[in-house]
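The structure displayed is predicted, hence computed values, not measured ones. Hydrogens, waters and symmetry mates play no part in the numbers below; they use all other heavy atoms, side chains included. As the structure lists them, so they are numbered: ligands from 1, and atoms in each ligand from 1.
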Amino acid sequence: MSEEVMTAIEEFKPLVALESTIISHGMPYPQNYETAIRIQNIVRENNAVPATIAIINGMIKVGLDNKDLEFLSKENNKILKASRRDLPAIISQKLNAATTVSATMICAELAGIKIFATGGIGGVHRNAKNTFDISSDLTELGNTNVAVISAGVKSILDIGLTLEYLETLGVPVIGYKTKNFPAFYTQDSGFEVSYRIDSALEIAKLLKTKWELGLKGGVLIGNPISQEYSIDKKIIDKAIEEALLKAEEKRITGKDITPFLLSEINNITQGKSLEANIQLVLSNATLAAEIARNM
Ligand code: PSU
Ligand code: MN
């Protein structure tokens, strides 16, 4: 743990966990580095302590310094992508990895951090009935006691099946100030959440109630992108279709598919999707800090 995180834990200050896959495999350099710094600062400005998580030389680090962030941003060819299944090998073999939502939740729980902000989570991929590609982020949400604040999921996934799967796993899905489950670049996926909650305090109460009841597992909070930064649905849908087609042509599968699609969509939209991505993460970090302060 960094000194900042260690002190925060000792002094019972509110903490917000942040993931690193978004840095290494979700955005290009140098925007990834700049964004990583900005997210941490926005958490601090909102009176909470940021804890960005990654595995450096086989060590789980909770709270990264700028050197770590630069390494994760610049040398992303040397950085693995760690989900739950990858942690044993990466740690025992002293490798470097960025943590996905699932691995970040595990590390956050080990450090005693309950609130975690990200951009979008993984989910059930389109055509999962043939590929079986369902992100371990979902099973993690069913198991690990950490709340994830996201802007929903991208329509690179099958959003309807993702929500069904979360229901099966008993994961509450909350809409912050909305009844619509957000679709990352757009405010409305066309699917509804089970509960709309309008304040960070009420969300904190729900989290405490869940865990006091002994209901293990996380909660997914959908915080829609602000209108100002959202992308026209037609434009983003077209970009996603194009990216999915290219992934199929190139036979990209498994853990490489999400990073591939993100980078393609960024190219197709000429950086518009990246700007949206940055803004929504900042907004999620702000809400996460507010929830953490109310816990
Ligand atoms: N979705 C995004 N941006 C991301 C990811 C997902 O919009 O950066 C990353 C997150 O780290 C998430 C991971 O946990 O991808 C999911 O990967 P997979 O689909 O391979 O499980
Ligand atoms: Mn997958």
Near S135, which atoms of ligand 1 are under 4.0 Å from a heavy atom of that residue?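 Heavy-atom distances to S135 below 4.0 Å select 18 (P), 21 (O).
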
Give the numbers and elements of all ligand 1 atoms closer than 4.0 Å to a heavy atom of D137.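 In order of number, 12 (C), 14 (O), 16 (C).
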
Give me the residue, atom name and distance of the protein heavy atom closest to [atom].
atom	answer
atom 1 (N) of ligand 1	G120 O, 3.5 Å
atom 19 (O) of ligand 1	T258 OG1, 2.8 Å
atom 9 (C) of ligand 1	T21 CG2, 4.0 Å
atom 20 (O) of ligand 1	K81 NZ, 2.7 Å
atom 2 (C) of ligand 1	K154 NZ, 3.0 Å
atom 11 (O) of ligand 1	E19 OE1, 2.7 Å
atom 4 (C) of ligand 1	L262 CD1, 3.7 Å

Hey, are [Y] and [X] close enough side-chain-wise for a donor-acceptor pair under 3.5 Å?
X	Y	value
S283	N223	yes
S83	T100	yes
E19	T99	no
N41	R44	yes

Side chain, backbone, both or neither: which part of [X] comes within less than 4.0 Å of ligand 1 when only heavy atoms are counted?
X	value
H125	side chain
T100	both
D133	neither

Which atom names give the shortest non-hydrogen contact between [X] and [Y], and what distance separates them?
X	Y	value
A204	N294	CB-O, 3.6 Å
A82	I90	CB-CD1, 3.6 Å
L280	G119	CD1-CA, 3.7 Å

Considering just N/O/S atoms, say which atom of D133 is closest to the Mn ion (ligand 2).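 The nearest such atom is OD1.
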
Looking at ligand 1, does any of its N/O atoms fall within less than 3.5 Å of an N/O of V101?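 N/O-N/O distance under 3.5 Å: yes.
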
Knowing that exactly one of N145, N143, T144 qualifies, which makes a side-chain hydrogen bond (donor to acceptor under 3.5 Å, both in side chains) with K216?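 Of all the options given, the one that passes is N143.
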
Please answer: with hydrophobic residues joined when any side-chain heavy atoms are less than 4.5 Å apart, are V219 and L169 in the same cluster?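 No: no chain of side-chain contacts under 4.5 Å links V219 to L169.
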
